[in-house]
*Asks:* 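My questions will all concern the structure given below.
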Protein chains: 2
Amino acid sequence: MPCHCTLPPLACTVKGLRETRDVKVSAAHPTLEAVAAHAGVSRATVSRVVNGTPGVRPELREKVKRSVAELGYVPNSAARSLVTRRTGAVAVVIAEPETRVFADPFFARQLRGISRELSANDLQLLLMLVEEEADYQRVGRYLAGGHVDGTLMFSLHANDPLRGIAAASGLPTVFGGRPWWPGWEQDDSLVYVDTDNRDGARRAVRHLAESGHRRIAVITGPLDQTSAVDRLAGYRDALGLAEPDPALQAHGDFTVDGGARAMAELLDRSPAPDAVFAGNDLMATGALRTLRARGLSVPEDVAVVGYDDLDPAAWADPPLTTVRQDIVRMGEIMARLLVRSLNDAEAPVSSVVIPSQLVVRGSA
Amino acid sequence: MPCHCTLPPLACTVKGLRETRDVKVSAAHPTLEAVAAHAGVSRATVSRVVNGTPGVRPELREKVKRSVAELGYVPNSAARSLVTRRTGAVAVVIAEPETRVFADPFFARQLRGISRELSANDLQLLLMLVEEEADYQRVGRYLAGGHVDGTLMFSLHANDPLRGIAAASGLPTVFGGRPWWPGWEQDDSLVYVDTDNRDGARRAVRHLAESGHRRIAVITGPLDQTSAVDRLAGYRDALGLAEPDPALQAHGDFTVDGGARAMAELLDRSPAPDAVFAGNDLMATGALRTLRARGLSVPEDVAVVGYDDLDPAAWADPPLTTVRQDIVRMGEIMARLLVRSLNDAEAPVSSVVIPSQLVVRGSA
DNA sequence: GAACGGTGTGAGAGCGCTCTCATGCCGTGC
DNA sequence: GCACGGCATGAGAGCGCTCTCACACCGTTC
């Protein structure tokens with residue numbers, strides 16, 4: 001395959017890549033057989049020792065362990081999983097629009113939590129990023145092919161094909177984020193982990209109300225994502241109104257520009273809001289920008305609360321009051337649930353909702 | 001393993017996980033043997049067809065393909081890699097302090113590029129996050145165990161053990177970011193991909209000089225990272241001075257707070273700077289905060305340039321002039337170099353440095 | 001018409017491991 | 001002293017695949 005790098009040659013310094021073959025031979029991988037010969041026992045016994053199966057005399061066990069160490073034996077995972085039908089790997093499938101993934105370190109945090117938990121259980125993390133239609137097929141084939149023992153899936157959108165793919169693969173699966181497709185509540189094979197978006201929003205709006213604000217507006221995210229829907233529901237809960245004033249509601253799309261536009265809309269309406277709950281920090285940042293441009297001061301003229309507690313929220317001017325969610329923990333719990341059902345297919349596994357927490361700063 | 005989830009029971013709804021065993025049986029995986037029987041040919045022929053080996057009569061080839069489709073055959077990768085000594089997987093090892101990973105979407109971008117390129121080559125992406133000392137050993141064992149065909153490594157620090165681990169594994173490896181250990185320039189087995197930090201910094205500082213600024217200061221990142229060192233070097237290049245005024249140089253640590261502190265130091269010295277080049281956007285954001293707090297206006301009193309072009313840079317007030325680097329492309333190229341040497345161990349592979357680009361906004 | 005080379009196909013070994021089952025050895029009970 | 005059960009160990013099959021090699025069959029050549 002040719003290199004498509006079109007850089008000016010000056011920018012490149014030529015160096016050779018270490019050659020695979022030679023080194024591999026020098027760092028030769030001894031087999032079970034070799035260890036057995038070295039220790040003067042049978043393959044079966046070495047296998048028992050390596051896998052910690054009981055029923056081997058302690059002195060023999062020690063002897064084998066020494067041989068393993070001496071030869072630097074590492075089990076061949078291909079051979080092992082060929083017979084055990086276990087791969088020791090878990091696929092993490094992320095189907096996300098670029099924007100979301102890039103705008104915040106959500107997935108880095110999530111992966112951190114997942115990675116910790118998986119490696120604590122000697123499981124490998126296979127990352128599959130889905131960008132286009134063809135990727136879904138690739139993922140489907142891969143999962144159905146039995147290359148992994150289980151799946152962790154992230155998809156924020158209604159009717160994402162991922163659900164079907166997971167079901168077809170027959171693999172234990174845990175979803176990140178409350179899923180959203182027709183009848184999902186009846187599907188008791190479904191396990192998910194989510195943060196408590198509704199309660200977080202409730203806390204945020206309640207804070208605004210308790211600070212004496214009367215005309216509390218909301219800037220919603222894209223309503224085909226459960227997090228946006230749940231946060232809107234929390235807003236309604238807090239106001240105690242089944243149908244809040246539609247003049248106080250504007251749509252953003254979880255982006256800074258969307259938030260800025262929505263804020264402008266709200267200010268042009270009547271009654272003008274004296275506080276705004278933005279569905280995420282990005283939109284809150286946009287709202288702040290619009291308010292600043294109009295010469296309104298925060299929180300005096302209009303108080304602003306965001307959601308997510310991204311790092312930039314703290315740097316904003318004024319620093320953003322927002323809702324924090326423990327994303328690392330969310331990843332950990334997802335992995336933990338999967339590990340549990342991997343170890344015991346009959347184990348009862350429940351969906352988990354992680355509490356959110358209000359972080360009060362200068363903007364409200 | 002018990003669930004350590006300490007959430008109030010109310011927050012959890014209990015649902016069962018789909019059982020593995022039953023489903024797996026129903027979605028039974030046919031073997032090569034089964035396909036061969038179905039098509040009325042030998043295992044060898046089916047293998048040839050599946051792997052696209054030439055030398056099979058077209059009509060037979062078609063017949064086998066139909067059988068494959070009909071039975072839903074998917075090759076067993078364990079069996080295959082047992083004999084081919086190829087796993088079809090690449091490890092991506094990331095050894096990073098939490099802060100860096102969380103503060104910016106650097107790795108999300110990088111992974112995106114890597115993932116694209118790998119999946120285009122039917123390679124799987126195995127993600128290994130390194131947090132503590134024990135993780136290095138885990139990674140070392142894993143790589144030496146021959147579970148992957150090659151490695152992509154990220155480590156920004158001098159003397160990171162990762163280099164030794166890569167060498168010991170004997171696996172083809174490409175590094176992300178210019179490495180930094182004694183004698184690395186002599187090591188011609190070393191391949192890395194980096195953005196042109198030095199040239200980017202040069203452009204940034206030159207821009208400042210050309211706008212008429214005379215007292216251009218620099219806020220440096222941690223000087224045990226090559227990116228920080230290279231950016232400082234670019235600053236010196238642009239000023240054309242071997243030894244710039246030490247009063248105009250302050251240390252940050254790539255964080256917002258560090259940048260704020262460094263800016264305060266600079267302002268307290270004499271001569272006071274009329275422009276600042278910050279080693280990254282986070283520090284530039286901190287500098288902006290300090291300037292605002294002191295009632296200085298940007299860019300009139302002090303112009304500010306950052307580095308990285310994070311999303312928040314565009315939202316800053318004023319929007320940050322900064323240096324953009326194509327991180328997705330960096331990931332792609334890393335993967336491409338690795339793939340090339342995977343396909344042909346003798347292929348000449350060169351390190352690549354990706355150009356950076358100045359993005360002029362309001363702050364300078 | 002026999003010998004030949006080329007091509008397409010199948011038989012079979014073997015990758016490194018796990019796991020069942022047979023075997024040998026011990027201590028115990030009658 | 002002999003039969004027995006229990007335990008530690010080894011022999012061997014076989015997981016699903018690839019790949020070498022042998023073979024059969026064709027058309028060509030002298």
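Convention: sequence-line order gives letters A, B, ...; per-chain numbering from 1. Only heavy atoms go into these numbers, but all of them, side chains included; no hydrogens, no water, no symmetry mates.
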*Asks:* Among D:dC19, D:dA13, C:dA13, which is the nearest nucleotide to the side chain of B:A44?
*Replies:*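 When the side chain of B:A44 is considered, D:dC19 is the closest of D:dC19, D:dA13, C:dA13.
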*Asks:* Ignoring hydrogens and angles, are the base of C:dG8 and the side chain of B:R48 linked by a donor-acceptor pair under 3.5 Å?
*Replies:*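 No.
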*Asks:* When you measure from the side-chain N and O atoms of A:N76 to the phosphate of C:dC15, is any distance below 4.0 Å, counting only OP1 and OP2?
*Replies:*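 The answer is no; no side-chain N or O of A:N76 sits under 4.0 Å from OP1 or OP2.
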*Asks:* State whether the side chain of B:S47 and the backbone N or O of B:R43 hold a donor-acceptor pair below 3.5 Å, judged by distance alone.
*Replies:*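 No, the answer is negative, given that no donor and acceptor are paired below the 3.5 Å cut-off.
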*Asks:* Within this structure, what is the CZ-to-C1' distance between B:R43 and D:dC19, rounded to whole angstrom?
*Replies:*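 To the nearest whole Å, that distance equals 11 Å.
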*Asks:* How many Å lie between CG on A:L32 and C1' on C:dT18, as a whole number?
*Replies:*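 After rounding, the gap between these two atoms is 9 Å.
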*Asks:* Give a yes/no answer on whether the side chain of A:R85 brings an N or O atom under 4.0 Å of OP1 or OP2 in D:dG16.
*Replies:*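 A:R85 to D:dG16 OP1/OP2: side-chain N or O found under 4.0 Å.
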*Asks:* Can you tell me the distance, in whole Å, between the CZ atom of B:R80 and the P atom of C:dG16?
*Replies:*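 Atom-to-atom, B:R80 to C:dG16, this comes out as 18 Å.
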*Asks:* Quick one: does any side-chain atom of B:H38 pair with a main-chain N or O of B:V68 as donor and acceptor, under 3.5 Å?
*Replies:*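 Absent.
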*Asks:* Please confirm whether the shortest side-chain N or O distance from B:S42 to OP1 or OP2 of C:dG10 is below 4.0 Å.
*Replies:*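 Yes.
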*Asks:* Strictly distance-based, threshold 3.5 Å: is any side-chain N or O of A:N343 a donor or acceptor partner for the main-chain N or O of A:R340?
*Replies:*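 Looks like no, no N/O pair under 3.5 Å.
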*Asks:* Measure the distance from CD on B:E33 to C1' on C:dA11 and round it to the nearest whole Å.
*Replies:*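 Result: 12 Å.
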*Asks:* Side chain of B:V41 only, heavy atoms from C-beta on: which candidate in C:dG10, D:dG16, C:dT18 is closest?
*Replies:*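 For B:V41, the side-chain atoms sit closest to C:dG10.
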*Asks:* Between B:T87 and B:H147, is there a donor-acceptor pair closer than 3.5 Å when you use the side chain of the first and the backbone of the second?
*Replies:*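 Confirmed, B:T87 side chain pairs with B:H147 backbone.
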*Asks:* Consider the side chain of B:L82, meaning its heavy atoms from C-beta on, and name the nucleotide among C:dG12, D:dG16, C:dC17 that approaches it most closely.
*Replies:*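 So the side chain of B:L82 is nearest to D:dG16.
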*Asks:* A:D149 side chain to A:G88 main-chain N or O, any donor-acceptor pair under 3.5 Å?
*Replies:*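 Yes, because the side chain of A:D149 sits within donor-acceptor range (under 3.5 Å) of the backbone of A:G88.
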*Asks:* Whole angstrom is fine here: how far is it from CZ in B:R86 over to C1' in C:dG16?
*Replies:*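 So the two atoms are 20 Å apart, to the nearest Å.
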*Asks:* Counting side-chain heavy atoms from CB outward, which of D:dC19, C:dG16, C:dT18 is closest to B:T84?
*Replies:*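 Selected nucleotide (nearest to the side chain): D:dC19.
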*Asks:* Does the base of C:dT7 carry an N or O that pairs as donor and acceptor with the side chain of B:R57 under 3.5 Å?
*Replies:*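 Looking at the base of C:dT7, it does not pair with any donor or acceptor on the side chain of B:R57 (distance under 3.5 Å).
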*Asks:* So if I take every side-chain heavy atom of A:V56 and compare against D:dT9, D:dT18, D:dC17, which nucleotide ends up nearest?
*Replies:*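 When the side chain of A:V56 is considered, D:dT9 is the closest of D:dT9, D:dT18, D:dC17.
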*Asks:* Go through D:dG16, D:dG10, C:dT18 for me and flag the one nearest to the B:A79 side chain.
*Replies:*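 From the listed options, D:dG16 comes nearest.
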